[in-house]
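Quantities reported herein were computed from a predicted structural model and do not represent experimental measurements.
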Amino acid sequence: MDLLRHLRHFVVVAHELHYGRAAELLGMAQPPLSQSIQRLERELAVELFDRSRRQVRLTTAGGLLLAEAEDLLAGEGRLRNLMAQVRAGELGVLRAGVPPETPAVTLRALLDQLGTRAPGLDVELHELTTAEQVRMLTERSLDVGLVHHPVEADGLRFGAPVDVPLGVLLPRTSPLARGREVPLAALAGLDLVTAPRATAPGWHDHLLGVCREHGWRPARVRPARNPEFLFGLVLAGGGVAVEPAALARREPRIAWRPLADAALTRRTSAAWPQRSAHPAAAMVGQLAAEVLAAAEPVPPAPPSVPAARPWPVLFDTTG
């Protein structure tokens, strides 16, 4: 017996005290409605309506049942709404991964957007490299992550990608910082400071391939897992990094210059398991693309500097 359906019929009849009007409100014929009430009375072994007069009235049992039925049906509505929110990814726990180099302002913007879109969602955030995220997504110990492409993994879906232009990070005191652009070939003899290959193998190999294709074979590839260590290696001299302009804004002694001969970009997107995905995964992918795109405006062109001056340069404040 579908008790809730019969209780819904009962509540409408109890409020209307008229089978014809109740049937019209319920969108059904009157005979099936009468049969539904009779079925409920048989199930509960009581009479719910006094039919001894022309006017329909609630019995004592019917009056007591009405309050209980309304509470029960309201609870059912709340339960269905709660489960709908879970299915939509608006409630529950979301295990999310972000790269270690994610700027604080970008992370804050993403969390704020998630809080606005799904205030009941508990986001469990993890700082993970692309390789770690791919492994955990495959193992289903992570629900969604932000990964750097290219990514070779089966069973994953990807959100809209965001391409961020890359340039050269070098000390402001470097002669190369005086130009508006830097050809990759001009970096010959210098080391490349970048994340270890194990953190994002696909991206690491792609970066080195582009460098070699445009005439720069780094003397050494020096691994740096976090931005502060990367800045330290670059400022120590002998090495440069190929990173987004936003990273240079963290360190005033570092200059960022676009590449003159290679349109090198870093592609980032959300990723989540293709099967049995968390209901909020696609929403997070969309929000991540919006936040990442807004966080990477086109960098302004650096000021041009004359190639030569008729006097010695004691203090260079350009670039």
Are any non-hydrogen side-chain atoms of F231 and I254 less than 4.5 angstrom apart? yes
Please report the interatomic distance CZ(R140) to CG(L137), rounded to the nearest 0.5 Å. 9.5 Å
Any side-chain heavy-atom pair of W272 and D143 under 4.5 Å: no
Does the side chain of R8 reach to within under 4.5 Å of the side chain of L73, using non-hydrogen atoms? yes
Linking I/L/V/M/F/W/Y whenever any side-chain heavy atoms sit under 4.5 Å apart, do L247 and V240 land together? no
In the single-linkage hydrophobic clustering (I, L, V, M, F, W, Y; side-chain heavy atoms under 4.5 Å), do L166 and L190 co-cluster? yes
Spell out, as yes or no, whether a donor-acceptor pair under 3.5 Å connects the side chain of T102 to the backbone of V98. no
Take T199 and R225 through the side chain to side chain contact (heavy atoms under 4.5 Å, CB included) test and state the conclusion after the steps. CA-CA 9 Å; T199 63; R225 286 184 174 271; 3.7 Å; yes
Side chains of L94 and V284 in contact at under 4.5 Å (non-hydrogen atoms): yes
Checking E132 side chain against T129 main chain: does a donor-acceptor pair fall under 3.5 Å? yes
Is there side-chain contact between P183 and H214, with heavy atoms separated by less than 4.5 Å? no
Of all heavy-atom pairs linking I37 and F10, the shortest is CD1-CA, 3.5 Å
Just by modelled atom types, is the L170 backbone N or O under 3.5 Å from a matching donor or acceptor in the S174 side chain? no
Under the side chain to side chain contact (heavy atoms under 4.5 Å, CB included) rule, what do L184 and D261 come out as? Steps first, then yes or no, please. CA-CA 7 Å; L184 281 172; D261 52 355; 4.0 Å; yes
Hydrophobic cluster membership, L142 vs V147, 4.5 Å side-chain cutoff: yes
Quick check: is V134 connected to L128 through a chain of hydrophobic side chains (ILVMFWY, heavy atoms under 4.5 Å apart)? yes
Should the pair R5-E43 be classified as a salt bridge under the 4.0 Å nitrogen-to-oxygen rule? no
Spell out, yes or no, whether L66 and L3 are grouped together once hydrophobic residues are joined by side-chain heavy atoms under 4.5 Å, including indirect joins. yes
Linking directly or through intermediates, with side-chain heavy atoms under 4.5 Å: list the remaining ILVMFWY members grouped with L64, chain and number order. none
Basic-acidic side-chain contact under 4.0 Å: D191, R220: yes
Enumerate donor-acceptor pairs with a distance under 3.5 Å from any side-chain N or O in residues 148-159 to protein atoms, sequence neighbours excluded.
residue	atom	partner	partner atom	Å
H148	ND1	T268	OG1	3.0
H148	NE2	E101	OE2	2.5
H149	NE2	S269	OG	2.7

L26 and L33, any side-chain heavy atoms less than 4.5 Å apart: yes
CZ of R95 to NE2 of H126, rounded to nearest 0.5 Å, is 7.5 Å
Non-hydrogen atoms of L58 and A14 that approach each other most closely: CD2-CB, 3.9 Å
In short, side chain to side chain donor-acceptor pair (under 3.5 Å) pairs touching residues 21-34 with sequence neighbours left out are E16-R21
P244 and V164 have their tightest heavy-atom pair at CB-CG1, 3.6 Å
Got a salt bridge between R135 and E139, using NZ or NE/NH1/NH2 to carboxylate O under 4.0 Å? yes
Taking the side chain as everything from C-beta on, heavy atoms only, tell me whether L7 gets closer than 4.5 Å to L65. yes
Under a 4.0 Å N-O cut-off, is there an ion pair linking D163 with R266? no
Is R117 close to M283 at the side-chain level, that is, under 4.5 Å between some pair of heavy atoms? yes
Could you check whether atom CZ of R253 has more than 12 heavy atoms from other residues, nucleotides or ligands sitting under 6.0 Å from it? no
Would you say that more than 12 heavy atoms from the other residues, nucleotides or ligands in this model lie under 6.0 Å from the CD of E47, or not? no
Strictly distance-based, threshold 3.5 Å: is any side-chain N or O of H15 a donor or acceptor partner for the main-chain N or O of A22? no
Can you classify the ring geometry of H9 versus H6 as parallel (below 30°), tilted (30 to 60°) or perpendicular (above 60°)? perpendicular
